[in-house]
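Inspection log for the structure reproduced underneath, given as structure tokens.
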Amino acid sequence: MGVDLSDLVKTREIELKELNGKIIAIDAFNTLYQFLSIIRQQDGSPLTDDRGNVTSHLSGIIYRVTNLIEEGIKPVFVFDGKPPVFKAETIKARVEVREAAKQMYEAAKAAGSADAYKYAMASTSINAQIVQDSKELLGYMGIPYILAPSEGEAQASYMVKKGSADYVGSQDYDSLLFGAPKFVRNIAITGKRKVPRKNIYVDVKPEVIEFQEVLDQLEITRSQLIDLAILVGTDYNPGIYKVGPKTALKLVKKHDNMESILTELGQTIENYEEIKEFFMNPPITDDYIIKWGKPETGKIKEFLCEEHSFSADRVDKVIERLNKAVTETSKQKTLSSWF
DNA sequence: CTTGATAA
DNA sequence: TTATCAAGG
């Protein structure tokens with residue numbers, strides 16, 4: 001998912017405490033995807049309520065958001081709208097990969113194989129019900145969410161540029177291409193992350209990436225960074241065979257424009273002009289209100305316990321933490337108010 | 001992922 | 001206090 005610039009971009013590890021009082025525009029789909037892929041049982045099956053609906057994301061949201069608010073962080077979730085037309089092939093390819101993984105998962109689960117978990121993760125998909133449930137829970141928790149016209153990452157980046165938020169929150173590097181001045185990865189509390197394909201966990205700290213620092217370090221412009229990403233591959237194009245971040249960096253520095261690069265490589269990139277324009281000037285909206293509200297305790301409890309089979313004891317506990325955290329934060333007059 | 005229990 | 005592990009729905 002997204003462009004992989006991890007080899008090129010210098011990150012700065014921080015403590016979660018450093019984000020106290022900050023507004024984070026969280027890429028909702030990115031976060032939901034993580035919850036849905038990782039919150040599973042040992043055989044790979046997701047958490048479900050007694051009607052069979054998947055509930056992994058609801059568990060992720062209630063605990064993660066409560067933890068963030070306890071840290072004094074103010075989250076606003078940004079959901080994806082319509083993907084650009086030139087994303088169609090990528091979307092189709094991902095559907096096929098997921099379908100294949102789903103079959104492998106079913107087979108592995110039936111065989112009691114330890115591979116079931118990894119195939120289950122690879123088969124993760126987000127549907128309309130999951131999105132709706134997530135919005136409903138966020139609403140009851142008093143957490144604002146916004147619907148982007150197109151990519152959530154683009155809208156979140158715009159909100160940080162504009163000063164409506166302090167950071168984009170996402171695991172992907174795409175917000176750099178959209179020009180987000182600052183973004184933060186790994187905003188989890190436990191600081192533990194499962195390493196892919198292995199049943200072990202490593203410590204992971206939140207890390208901040210600053211747009212201007214990246215450009216300064218690489219000695220390129222935003223336009224060049226976008227060209228670099230397109231050469232490597234983005235959500236909208238597969239990238240050029242055997243061109244990784246380092247080669248791409250050399251190429252954008254050596255040439256004045258993409259046409260010249262592609263001529264040297266003897267390659268073409270489908271929809272290059274449209275993709276470039278999309279990263280430079282994505283569809284965004286100013287039509288949003290960011291306002292945190294008081295949690296609706298009864299609604300949260302009804303939604304999670306009665307509709308989705310959560311344990312009343314656990315939900316009571318997390319609601320109590322949430323209410324306490326919101327009360328604490330709203331007392332701090334130096335921060336913009338909650339209500 | 002996060003919690004909560006239990007062990008070290 | 002810190003590490004490890006099972007369970008959550």
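The chains referred to below are lettered A, B, ... by the order of the sequence lines, with proteins before strands, and numbering in each begins at 1. Remember, it's a predicted structure, so these values are computed and weren't measured experimentally.
Pairs of residues two or more places apart, or lying in two chains, never qualify as ring pair (Phe, Tyr, Trp, His ring centres under 6.0 Å) while including a residue from residues 17-67 of chain A. Among residues at least two apart or in separate chains, ring pair (Phe, Tyr, Trp, His ring centres under 6.0 Å) pairs with a member in residues 170-189 of chain A are Tyr173(A)-Phe183(A), Phe178(A)-Phe279(A). Counting only residues at least two apart or in different chains, ring pair (Phe, Tyr, Trp, His ring centres under 6.0 Å) contacts with residues 84-114 of chain A comprise Phe86(A)-Tyr236(A), Phe86(A)-Phe278(A).
Close to dT3(B), at under 4.0 Å from its OP1 or OP2, lies a side-chain N or O of Asn67(A).
Atom-to-atom, CG of Asp43(A) to C1' of dG8(C) comes out at 13 Å; the value is rounded to the nearest Å. Regarding Leu36(A), its CG atom lies at a distance of 13 Å from the C1' atom of dG9(C), rounded to whole Å. Between the CD1 atom of Ile61(A) and the C1' atom of dC1(B) there is a distance of 12 Å, given to the nearest Å. Between the CZ atom of Arg314(A) and the C1' atom of dG9(C) there is a distance of 10 Å, given to the nearest Å. Rounded to an integer number of Å, the gap from NZ of Lys317(A) to C1' of dT2(B) is 13 Å. Regarding Ile62(A), its CD1 atom lies at a distance of 13 Å from the P atom of dG4(B), rounded to whole Å. Atom pair Leu137(A):CG and dG9(C):C1' shows a separation of 14 Å (rounding to whole Å applied). In this structure, Glu71(A) atom CD and dT2(B) atom P are separated by 12 Å, rounded to whole Å.
Residue contacts shown for Thr55(A) are limited to sugar-phosphate atoms, with no base heavy atom under 4.0 Å away. Here Arg321(A) lies in heavy-atom contact (under 4.0 Å) with sugar-phosphate atoms only. No engagement by Asp50(A) is indicated, since no non-hydrogen atom pair under 4.0 Å with the nucleic acid exists.
Between dG4(B), dC1(B), dG8(C), one nucleotide has an atom nearer to the side chain of Leu47(A) than all others, and that is dG8(C). Among the nucleotides dT3(B), dC1(B), dG9(C), the one closest to any side-chain atom of Ile189(A) is dT3(B). Proximity note for Arg64(A) (side chain, C-beta onward) versus dG9(C), dC1(B), dA6(C): the nearest is dC1(B).
The stretch residues 301-313 of chain A touches DNA chain C through His308(A), Ser309(A), Phe310(A), Ser311(A), each having a heavy atom under 4.0 angstrom from the strand.
Not a single donor-acceptor contact under 3.5 angstrom links the side-chain atoms of Gln41(A) to the base of dG8(C).
Under the ring-ring contact (aromatic ring centres under 6.0 Å, His included) criterion, Phe303(A) pairs with Tyr140(A), His308(A), sequence neighbours left out. Annotation: side chain to side chain donor-acceptor pair (under 3.5 Å) contacts of Asp313(A) (sequence neighbours excluded): none.
Checked against Thr124(A) for a side-chain contact (heavy atoms from CB on, under 4.5 Å), the options Ile38(A), Leu32(A), Leu36(A) give a single hit: Leu36(A).
Other residues, nucleotides and ligands contribute only 12 or fewer heavy atoms inside 6.0 Å of the CD atom of Glu259(A).
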